[in-house]
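Below is one structure, written out as structure tokens, with a few remarks after it.
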Amino acid sequence: MIITDIEQAIVNRLKQGLGRIARAVSSYGGEMDGEPEEVIRQLPGVWVTFGGVQKTERSSTARNKFVTHGRFVVIVGDRSVRSEEASRTGGPTSDEVGTYRMIAAVRRLLSGQDMAESGLKIDALQPGRVRTLFNTRLEKNAFSVFACEFDTKWMENALENGRYPLVDAPDGHEDNLFRPYHGKTSEDDPEWLRTRLIYDLKNPEQPDAAEDIVNHEPDES
């Protein structure tokens, strides 16, 4: 699944690059939806989630290929016992990072990266908006949370009109995700083993019509 693979590649790069800037870097699992006390205990933290498909365009090179534009969101958050300002700007020690530094670090690590080292074939990540999610105080703690957006695009292959996913699709094939669910499938196209070229187009069935037969080697992979 391309969306899962991109999200995990972003998580892995941030884990390696951020070091001790964040207590944890992971895929988003509703951490911002809990009670404020629970949220604060996880800061400073970084979470990655899929922000949705922004648009899909037909590729100019093939009928069944589409260019998909997707958005990913990196959520960064930090807290401070001193002030709301300090939760954003940080402090004089490395323990007080601040969300502004976290935003700069995330954008520095991800902007322009195509994640090729993860085996992905996507356009380089383009930095987008940075939005405030929380900026408030709870008793002795102030905390600040921002969402950083990154856009990319990739190619998607559509099924031929009227066909269903490939029967028994092998690992790595885009139809493999259907295998455990036993939906309707289609057999693969037969191998193209021979091509007959007839040069007398007016009388192709004449016994003496000039022709060539090209035999194709079967694919043994």
Side-chain angles (χ1 to χ4, degrees), residues 1-15 25-30 46-75 106-107 109-131 147-198 201 204 212-221:
M1 289 290 293
I2 184 65
I3 295 171
T4 301
D5 292 343
I6 296 172
E7 182 175 305
Q8 193 56 54
I10 293 174
V11 169
N12 291 340
R13 181 168 175 83
L14 291 177
K15 277 184 177 179
V25 180
S26 64
S27 291
Y28 183 67
V46 174
W47 299 272
V48 182
T49 189
F50 179 53
V53 170
Q54 305 305 302
K55 65 177 178 176
T56 303
E57 304 170 309
R58 187 183 294 277
S59 170
S60 60
T61 59
R63 182 182 61 182
N64 290 339
K65 289 184 178 293
F66 293 87
V67 181
T68 301
H69 299 251
R71 177 166 296 163
F72 291 82
V73 182
V74 181
I75 300 169
V106 165
R107 287 167 66 90
L109 286 168
L110 296 182
S111 298
Q113 301 299 313
D114 64 5
M115 305 298 173
E117 68 275 11
S118 298
L120 296 175
K121 295 181 179 179
I122 63 172
D123 265 25
L125 293 169
Q126 299 297 314
R129 295 188 305 165
V130 177
R131 298 179 286 110
C148 308
E149 297 178 353
F150 294 89
D151 289 349
T152 184
K153 59 184 178 181
W154 60 89
M155 295 296 299
E156 287 187 353
N157 297 314
L159 289 167
E160 291 286 345
N161 186 30
R163 290 180 65 89
Y164 289 89
L166 180 66
V167 62
D168 296 327
D171 292 344
H173 192 282
E174 51 206 333
D175 287 345
N176 181 259
L177 71 93
F178 295 95
R179 287 189 64 176
Y181 305 105
H182 307 292
K184 186 174 181 179
T185 55
S186 294
E187 294 287 343
D188 200 2
D189 292 327
E191 285 193 83
W192 193 340
L193 300 179
R194 191 174 72 161
T195 301
R196 182 187 179 197
L197 302 173
I198 300 176
L201 299 181
D212 280 327
I213 303 294
V214 180
N215 293 312
H216 303 274
E217 292 292 331
D219 186 359
E220 299 180 355
S221 60

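Remember, it's a predicted structure, so these values are computed and weren't measured experimentally.
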Nearest atoms (heavy-atom pairs only) where G112 meets A124: O-CB, 3.4 Å
Main-chain N/O of P170 paired to R179 side chain as donor or acceptor, under 3.5 Å: no
From T49 atom OG1 to R71 atom CZ, the distance as rounded to the nearest 0.5 Å: 13.0 Å
Sub-4.5 Å side-chain heavy-atom contact between V74 and F150: yes
Pairs flagged by salt bridge (Lys or Arg N to Asp or Glu O under 4.0 Å) wherever residues 117-130 is involved - sequence neighbours left out: D123-K153, R129-E149
Pairwise side-chain hydrogen bond (donor to acceptor under 3.5 Å, both in side chains) hits with a residue in residues 154-170, at least two apart: R63-E160, N64-E160, K65-N157, T68-E156, W154-E156, N157-E174, R163-D189
Qualifying residue, where the test is side-chain contact (heavy atoms from CB on, under 4.5 Å) with D5 and the options are I10, L120, I122: L120
Sidechain-backbone polar pair: R13 side chain, M115 backbone, donor-acceptor under 3.5 Å: no
Minimum heavy-atom distance D175-L166, with the two atoms named: OD2-N, 2.8 Å
Over all atoms of both residues, closest heavy-atom pair of A147 and V73: CB-CG1, 3.7 Å
SG on C148 to CG on L110, rounded to 0.5 Å: 9.0 Å
Close side-chain approach of V67 to M155, heavy-atom, < 4.5 Å: yes
Within 6.0 Å of CD in E57, more than 12 heavy atoms from elsewhere: yes
Candidate pair F50 and I6, rule side chain to side chain contact (heavy atoms under 4.5 Å, CB included), full reasoning: CA-CA 9 Å; F50 179 53; I6 296 172; over 6 Å; no
Distance, nearest 0.5 Å, that separates CH2 of W47 from OG of S27: 12.5 Å
Atom pair OG1/CZ of T152 and F72 - distance to nearest 0.5 Å: 7.5 Å
